[in-house]
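Structure first, then comments.
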Amino acid sequence: MRKIIIEKLKARPVSDYHVEIVERKGTGHPDYICDAIMDNISVALSRVYKERFGAILHHNIDKGMLVAGAVERMFGGGQVLEPMRMIFGDRATYEIDGQKIPVSDIAINTAKEWFKKNLRFVDPDKHVNYQVEIKKGSSELSDIFKRGDAVLGANDTSAAVGYAPLTETEKIVLETEQYLNSKEFKERYPETGEDIKIMGFRDRQRLHLTVAMPLIDRYIDKETAYFKKKKEIQGVIEEFVTARSSGMKKINIYLNTLDKKGRGISGMYLSVLGTSAEDADSGQVGRGNRVNGVISLNRPMGTEAAAGKNPVSHVGKIYNILTHKIANNIYKEIKGVREVYIWMCSQIGLPIDQPKIISAQLILEKGAFYKDISKRAEGLINLELDNIQGFCNDLADGRYPVC
């Protein structure tokens, strides 16, 4: 029997708070790059392991860093002076039954493919150097994969929390970045880079969005051209956000607020490659978005970095994503629930479908029947844990984003 605790939370939903703060780091942000690439490497390794050995073997590719390079920005197009450096860690299975797995090649090729697909101005062969520091795993953690258990044991004692639904502020911050990095927007405004960061601040029904998004220097020939294009883009962002807002009385958009007219190149947010990792900011796994795509300061958050962890025994990945999935299922399936939080804690060695504790905290609509709702919520929790192997297979295939 699983220990599942359902409780009614006597609290206001976050959307009723006076102040709400939400952040989103976009595709070209150095932290996002690290999370996305390391998780793609886990997906690629899982595929190779399954093809060759019929099962996913021990690996955790959840340590990584993107070291900033150096560039010279110029009107009409600058140049790269020093490449970025992508450092890969942590552990993987390199050999089994005499068969070797080319872990280093898989890591580097996966990273190059990601850069090529997601950052238009980055040449993965010229603009990035690669340093593989992925070592062999410990014998005890590796042994979890050899014990023949139908459901693997947790390889860590770890806790996670997920919630639903997203507030209007969270949705707007998430969707605005996705729009600014969409194929549609980049075709319309090719001079915009992918390193987009949005900070949303809601003061009652007044929403303030501070947006940082570089313009690519090869498209800008003078200062006046930059500020003219910036004004046009700001208007487009305002239109997009206004169209998606239903509960806000006032919306303010602030774009590239460090800019200063009259200071030339130094007074404009220009970029050679579209990412601040070209010279201004390094990136690291775990410092980016939570697994639901936002960093929401009003919400509880776990400390685990889900990106790159193996999808069949590492609860730091499995429970991080599963708690959000369960929360969304409860919110969508059960009437009378305004907001739900799911907490899960593992104990190392216990099967991943048997968390040490599962807690559901429910904020209910006025007049909702707690007893009926709690029974249905417990049923949905058990259903997800009963089907955890299928969920882990989906994780292994990369069907759930981690950033």
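Below, each value reflects all heavy atoms present in this structure, side chains not excepted, and no hydrogens, waters or symmetry copies. Since this is a predicted model, take the numbers as computed values, not measurements.
- By the salt bridge (charged side-chain N to carboxylate O under 4.0 Å, His left out) test, Asp39 is found to be paired with Lys317, residues two or more places apart in sequence or in another chain being considered.
- Nearest heavy-atom pair across Phe227 and Gly267 is CZ-O, 4.0 Å.
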Audit row: Tyr189, Glu232, side-chain hydrogen bond (donor to acceptor under 3.5 Å, both in side chains) steps and yes/no: CA-CA 10 Å; Tyr189 295 101; Glu232 179 183 352; 3.1 Å; yes
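- Within the 3.5 Å criterion, the main-chain N or O of Val19 finds a donor-acceptor partner in the side chain of Asn298.
- The salt bridge (Lys or Arg N to Asp or Glu O under 4.0 Å) contacts involving residues 293-316 comprise Asp62-Lys309, Glu170-Arg299, Arg299-Glu339, Glu304-Lys309, where partners must be two or more places apart or lie in separate chains.
- Ring pair Phe88/Tyr130 is parallel by interplanar angle, where below 30° counts as parallel and above 60° as perpendicular.
- In this structure, Lys229 contributes its side chain and Thr224 its backbone to no donor-acceptor pair below 3.5 Å.
- Residues Glu194 and Arg120 are paired through a salt bridge, judged by an N-O separation under 4.0 Å between the basic side chain and the carboxylate.
- Contact check for Ile33 versus Asn118: no side-chain heavy atoms found under the 4.5 Å cut-off.
- Using a cutoff of 4.0 Å between basic side-chain nitrogens and carboxylate oxygens, Lys171 and Glu168 are not scored as salt-bridged.
- The closest donor-acceptor contact from the side chain of Thr275 to the backbone of Ala277 lies under 3.5 Å.
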Derivation and outcome, side-chain contact (heavy atoms from CB on, under 4.5 Å), residues Ile358 and Leu385: CA-CA 11 Å; Ile358 313 156; Leu385 289 169; 3.3 Å; yes
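- In this structure, Ser359 OG and Ile381 CD1 are separated by 8.0 Å, a value rounded to the nearest 0.5 Å.
- Residue Tyr269 comes nearest to Tyr226 through the heavy atom pair N-OH, 3.1 Å, listed as atom of the first residue, atom of the second, then distance.
- Between Asp386 and Arg2 there is a salt bridge, since a side-chain N of the basic residue sits under 4.0 Å from a carboxylate O of the acidic one.
- Shortest non-hydrogen contact noted between Gly28 and Leu119 is CA-CD2, 3.8 Å.
- Side chain of Thr110 to backbone of Ile106: a donor-acceptor contact under 3.5 angstrom is found.
- A donor-acceptor pair under 3.5 Å is formed between the side chain of Asn328 and the backbone N or O of His324.
- Atom NZ of Lys249 sits about 9.0 Å away from atom CZ of Arg206, to the nearest 0.5 Å.
- Looking only at side-chain heavy atoms (C-beta outward), Phe53 and Thr93 stay at 4.5 Å or farther from each other.
- Under the side chain to side chain donor-acceptor pair (under 3.5 Å) rule, Gln361 has a single partner from Tyr341, Trp343, Tyr163, which is Trp343.
- Cation-pi geometry between Lys100 and Tyr94 is not met: the NZ or CZ atom fails to fall both under 6.0 Å from the ring centre and inside 45° of the normal.
- Between Ile134 and Ile61, some side-chain heavy-atom pair lies under the 4.5 Å cut-off.
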Derivation of the side-chain hydrogen bond (donor to acceptor under 3.5 Å, both in side chains) call for Asn60 and Asp90: CA-CA 6 Å; Asn60 287 314; Asp90 177 32; 5.9 Å; no
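- The shortest distance between side-chain heavy atoms of Phe201 and Asp203 falls below 4.5 Å.
- Ionic pairing of Asp35 and Arg290 is not present here: no N-O contact between side-chain nitrogen and carboxylate oxygen is shorter than 4.0 angstrom.
- The main-chain N or O of Gly69 is never found under 3.5 Å from a side-chain atom of Asp279 such that the two would form a donor-acceptor pair.
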His59 and Ser46: CA distance, side-chain angles, deciding distance, side-chain contact (heavy atoms from CB on, under 4.5 Å) verdict: CA-CA 9 Å; His59 70 276; Ser46 296; 3.4 Å; yes
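- At distances below 3.5 Å, at least one donor-acceptor pair connects side-chain atoms of Lys186 with backbone N or O atoms of Gly193.
- At distances below 3.5 Å, at least one donor-acceptor pair connects side-chain atoms of His127 with backbone N or O atoms of Asp123.
- Taken to the nearest 0.5 Å, the CG atom of Leu180 stands 8.5 Å off from the CD1 atom of Ile233.
- Annotation: the span from Ile334 atom CD1 to Glu365 atom CD amounts to 13.0 Å, rounded to 0.5 Å.
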Asn181/Glu177 under side-chain hydrogen bond (donor to acceptor under 3.5 Å, both in side chains): CA gap, chis, key distance, verdict: CA-CA 6 Å; Asn181 265 324; Glu177 185 279 325; 2.7 Å; yes
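- Expressed to the nearest 0.5 Å, how far CG of Asp31 lies from OG of Ser276 amounts to 8.5 Å.
- Ion pairing between a basic and an acidic side chain is recognised when a charged N comes within 4.0 Å of a carboxylate O; Arg73 and Asp217 show no such pairing.
- With values rounded to the nearest 0.5 angstrom, Met213 atom CE is found 5.5 Å from Leu255 atom CG.
- The backbone N or O of Asn256 lies less than 3.5 Å from a partner atom in the side chain of Lys230, making a donor-acceptor pair.
- Between Lys135 and Glu133 there is a salt bridge, with a side-chain nitrogen of the basic residue lying less than 4.0 Å from a carboxylate oxygen of the acidic one.
- Judged purely by atom type and a 3.5 angstrom limit, Asn129 has no side-chain atom pairing as donor or acceptor with the backbone of Pro83.
- Using a 4.5 Å heavy-atom cutoff, the side chains of Val211 and Tyr254 are not in contact.
- A cation-pi arrangement is absent between Arg52 and Tyr49, since the terminal nitrogen or guanidinium carbon is not both under 6.0 Å from the aromatic centre and inside a 45° cone about the axis.
- Annotation: side chain of Ile87 is not in contact with side chain of Lys63 (no heavy-atom distance under 4.5 Å).
- Across Asp394, Asp397, Leu395, a single residue satisfies side chain to side chain contact (heavy atoms under 4.5 Å, CB included) together with Pro311, and that is Leu395.
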